[in-house]
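The figures that follow rest on heavy atoms only: side chains count, while hydrogens, waters and symmetry mates do not. All residue numbers in this chain count up from 1 along the given sequence.
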Amino acid sequence: MADGPLGPKKGDAMKRTREKYCKEVAIGQPAERIIYPKYRWFVMIVMFWVIFANEGAIGIGPAPLVGIISLSTGWELGTVTAIMIGSFTFFIATGCLLSAFLLDKIGIIKTFMLACMLSAAGAFLMPVLGRSIGGLVFLRLLEGLGGGLVLASPPKLACEWFPAAERGIVTGVQGAGVGFGVSIGIIISSAMYTAMNDWLMSMALMGIIPFIGLILSIVLRFGPEAPCVKNSFTSVHPAGINADTDFKLVLRQPLFYLGIGMIFFFAWVQQGYSNLTPGYLTVDPPSGCGLGTQAASTIFSFYSFSFTLGSLFSGFIGRYIFKNELKKSIALSFVLSAFFNVSVLLPAVYENSVKLRICLILAGFFFSWSGSMIFAYFTQCYPSEVMGRIGGFTQGIGGLGAPAGIAVGSITLNMTGSYFITLTAMGILCLLNLILTFFLYKPKIFAGRVG
């Protein structure tokens with residue numbers, strides 16, 4: 001493009017600056033070696049708590065009380081479920097999208113504080129605003145935004161506080177925080193209602209959990225700064241180049257859209273399998289296994305527990321067994337998940353309670369690897385200053401696979417009266433993600449700036 005009458009055009013100058021910048025960062029000349037303090041493990045513990053509190057416990061807290069809420073208010077059970085569970089899921093995605101901007105603009109600690117304040121306020125105001133549908137939707141909006149703000153934080157926190165070899169541990173702790181929050185949240189909210197005999201007060205007292213997260217986040221404000229707030233190897237930023245410019249480069253990479261697609265299918269299977277498989281185990285043949293509600297709940301709890309453990313250990317497995325070759329870990333996860341997820345449809349499995357438990361344990365354990373390892377892979381591809389946006393958009397858009405999986409699964413179930421197509425489709429989606437795994441790559445444009 002020719003120069004303008006007064007010299008080079010601004011667009012040309014920016015283009016040349018960007019090209020020069022890309023060459024510089026591709027060289028990857030290391031600056032001084034970064035020392036990661038032991039304090040990083042405390043930061044990870046705080047992250048675990050705020051995810052456990054805001055996304056797990058607060059999110060699932062109303063689930064065991066929907067029947068009680070329906071009787072108390074006179075609202076239909078479906079209406080209560082949509083308000084307390086469905087709306088929260090939608091607002092979680094909204095919070096993730098919001099975090100895409102906040103994490104990179106105001107930082108992790110301030111985002112944690114805001115998230116905990118929103119979730120605690122949503123809970124503490126239950127006795128005041130929770131007697132109307134509009135009030136409940138507003139309160140679940142606050143809680144959902146709080147959960148979404150922290151759900152997308154682990155990749156950025158991993159980049160800023162941990163060396164590349166340990167980042168999978170951080171993203172794995174995210175999944176464990178959600179799983180642990182769901183398991184404990186049900187117990188806590190049920191115990192609160194038993195003690196108070198008032199569902200509004202029970203929901204209000206759940207606010208103590210994110211309030212503790214707020215205190216822990218404030219403590220972080222007085223600790224040392226993250227050892228890597230810019231990037232791992234070079235802080236070269238020529239004129240006109242900043243995090244916004246970096247993100248424009250990210251948007252030009254197919255990897256960004258590939259990641260959103262993989263998380264979409266992951267969320268589809270995760271949420272769909274967790275919501276529909278208990279029904280499959282419960283209902284009578286030929287639609288299901290006919291185990292009954294109590295037996296089905298007990299058996300499926302093995303899946304939930306192993307999913308939490310698998311998330312927790314996935315980072316260690318990626319580091320010490322796969323030597324941080326995360327594509328291999330992700331691929332193996334999807335292969336084994338596809339097999340064990342669908343195995344529950346086999347009479348040889350569901351007619352034997354021991355085999356059924358083993359298959360559910362293995363399905364949960366192996367499937368939990370994939371989500372955390374995908375995000376761990378991203379931390380090896382992009383500089384930290386754009387990880388907030390990458391994590392937020394990937395979780396926010398990709399996370400829409402969760403309601404899609406439930407909706408499509410429910411429609412298919414109503415049309416066919418069978419769980420076979422729905423559960424088989426989830427196995428196929430795991431294999432589709434397996435194929436997409438082979439297209440993962442590390443952008444050369446950021447090679448010199450990623451630890």
Please check this pair: side chain of [X] against backbone of [Y], looking for a donor-acceptor N/O pair closer than 3.5 Å.
| X | Y | answer |
| --- | --- | --- |
| Ser132 | Gly135 | yes |
| Ser274 | Gln271 | no |
| Tyr273 | Gly364 | no |
| Arg221 | Lys110 | no |
| Ser301 | Thr298 | yes |
| Thr308 | Ser304 | yes |
| Gln174 | Ser372 | no |
| Ser314 | Ser311 | yes |
| Thr412 | Val408 | yes |
| Ser368 | Phe365 | yes |

Is there side-chain contact between [X] and [Y], with at least one heavy-atom pair below 4.5 Å?
| X | Y | answer |
| --- | --- | --- |
| Leu356 | Leu281 | yes |
| Pro154 | Val173 | no |
| Asn433 | Ser370 | no |

Nearest heavy atoms of [X] and [Y], plus distance in Å:
| X | Y | value |
| --- | --- | --- |
| Leu360 | Val344 | CD2-CG1, 3.8 Å |
| Ala152 | Leu103 | O-CD1, 3.8 Å |
| Lys156 | Met387 | CA-CB, 3.7 Å |

Check the angle between the aromatic planes of [X] and [Y] and answer parallel, tilted or perpendicular using the 30° and 60° thresholds.
| X | Y | value |
| --- | --- | --- |
| Phe256 | Phe393 | perpendicular |
| Phe52 | Phe48 | parallel |
| Tyr320 | Phe316 | parallel |

Step through the shown structure and confirm whether more than 12 heavy atoms of other residues, nucleotides or ligands are within 6.0 Å of [atom1] on [X].
| X | atom1 | value |
| --- | --- | --- |
| Phe305 | CZ | no |
| Phe322 | CZ | yes |
| Phe138 | CZ | no |
| Tyr39 | OH | yes |
| Lys327 | NZ | yes |
| Tyr193 | OH | yes |

Discussion item. Whether the Tyr441 and Gln253 side chains hold a donor-acceptor pair (N or O, under 3.5 Å, no angle test) is what I'd like checked.
Written reply: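 A pair is found: one side chain offers a donor N or O, the other an acceptor, under 3.5 Å apart.
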
Compute whether any side-chain donor of one residue and acceptor of the other, for Trp199 and Ser72, lie under 3.5 angstrom apart.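 The answer is yes; a qualifying pair exists.
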
Sequence neighbours excluded, which residues qualify as side-chain contact (heavy atoms from CB on, under 4.5 Å) partners of Ala404?
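Residues passing side-chain contact (heavy atoms from CB on, under 4.5 Å) with Ala404: Phe264, Trp268.
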
Does Arg167 make a cation-pi contact with Phe162, if we ask for NZ or CZ under 6.0 Å from the ring centre and within 45° of the axis?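 No, Arg167 does not sit over the ring of Phe162.
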
Do the side chains of [X] and [Y] get close enough for a salt bridge, i.e. N-O under 4.0 angstrom?
| X | Y | value |
| --- | --- | --- |
| Arg140 | Glu143 | yes |
| Glu166 | Arg40 | yes |
| Arg389 | Asp246 | no |

query: Only one of Tyr419, Tyr303, Phe300 forms a side chain to side chain contact (heavy atoms under 4.5 Å, CB included) with Thr277, so which one is it?
result: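 In the set Tyr419, Tyr303, Phe300, the residue that makes a side chain to side chain contact (heavy atoms under 4.5 Å, CB included) with Thr277 is Phe300.
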
Practice task
In sequence, state the C-alpha distance, the side-chain angles, and the governing distance for Phe367 and Phe266, and then conclude on ring pair (Phe, Tyr, Trp, His ring centres under 6.0 Å).
Solution key: CA-CA 9 Å; Phe367 185 63; Phe266 169 81; 4.8 Å; yes

